[in-house]
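Comments concern the structure below.
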Amino acid sequence: MSVDLFISYDYDNDKRYKNLLVAWDSNDLFDFEFYDHSVDVSVNSTDAAYIKRVIKERIGNCSHFLCLIGEETWKSEWVTWEIEKAVEMGRSIVAVKIDNSYMSPTAIYGIGASWAKSFTLASIKIAVDAA
């Protein structure tokens, strides 16, 4: 499997999980390949318009949008905005909760997202393939 993937996540709380996806991608023992289009910086900036342009362009350059749902993700206005842009741009949407007890952003519901059953390589691969 090789896909162009934008990973949406709560930078301040869930960066290690995004980095785990990148590690799976770089390990030849795993059959998981993607080109990461994520914005790898915290988006708390005074230049929100610029950041939105960059994020929108990166979402536009990918085939799939993966939303990592951590404990605080449901509160993130940026993640909600990214989900809305991905839907608007017709991207295949994949969602995975890092822990099943975490709340999801309301924007991820009702948009035809493919859900990974758990934060495991196998589950995420199945959800990406189904998207």
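- Judged purely by atom type and a 3.5 angstrom limit, Ser8 has no side-chain atom pairing as donor or acceptor with the backbone of Glu82.
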If you apply the rule side-chain contact (heavy atoms from CB on, under 4.5 Å), what do you find for Leu5 with Cys62, and how did you get there?
CA-CA 5 Å; Leu5 189 66; Cys62 71; 5.8 Å; no
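- Looking at Arg16, its side chain never comes within 3.5 Å of a backbone N or O of Asp14 through a donor-acceptor pair.
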Test log, rule side-chain contact (heavy atoms from CB on, under 4.5 Å), inputs Ile55 and Trp78:
CA-CA 10 Å; Ile55 291 172; Trp78 282 102; 4.1 Å; yes
Given Leu68 and Val79, is the side-chain contact (heavy atoms from CB on, under 4.5 Å) satisfied, shown in steps?
CA-CA 9 Å; Leu68 293 179; Val79 170; over 6 Å; no
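- Between Val128 and Ile124, some side-chain heavy-atom pair lies under the 4.5 Å cut-off.
- Scored by the ring pair (Phe, Tyr, Trp, His ring centres under 6.0 Å) test, Tyr17 finds Phe119 as partners (sequence neighbours excluded).
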Could you walk me through whether Ile98 and Ile69 pass side-chain contact (heavy atoms from CB on, under 4.5 Å), step by step?
CA-CA 6 Å; Ile98 294 167; Ile69 301 169; over 6 Å; no
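- Using a 4.5 Å heavy-atom cutoff, the side chains of Ile93 and Ile83 are not in contact.
- With Lys117 contributing its side chain and Ser123 its backbone, the two residues share no donor-acceptor pair below 3.5 Å.
- By the criterion of side-chain heavy atoms lying less than 4.5 angstrom apart, applied directly or through intervening Ile, Leu, Val, Met, Phe, Trp or Tyr residues, Tyr102 is not grouped with Trp74; the two fall into different hydrophobic clusters.
- At least one donor-acceptor pair closer than 3.5 Å links the side chain of Thr73 to the backbone N or O of Gly70.
- Remark: Lys85 engages Glu88 in a salt bridge (charged side-chain N to carboxylate O under 4.0 Å, His left out) (not counting sequence neighbours).
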Using residues 106-116 as the side-chain source, report each donor-acceptor pair under 3.5 Å to any protein atom, sequence neighbours left out, with the distance given to one decimal.
from, atom 1, to, atom 2, distance (Å)
Tyr109, OH, Ser104, OG, 3.3
Ser114, OG, Ala127, O, 2.7

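- Residues Met103 and Trp81 fall into different hydrophobic clusters, defined by Ile, Leu, Val, Met, Phe, Trp and Tyr side chains chained together at heavy-atom separations under 4.5 Å.
- At least one donor-acceptor pair under 3.5 Å links the side chain of Thr80 to the backbone N or O of Ser76.
- Summarising the geometry, atom CZ belonging to Phe6 is positioned 13.5 Å from atom NZ belonging to Lys56; distances are rounded to the nearest 0.5 Å.
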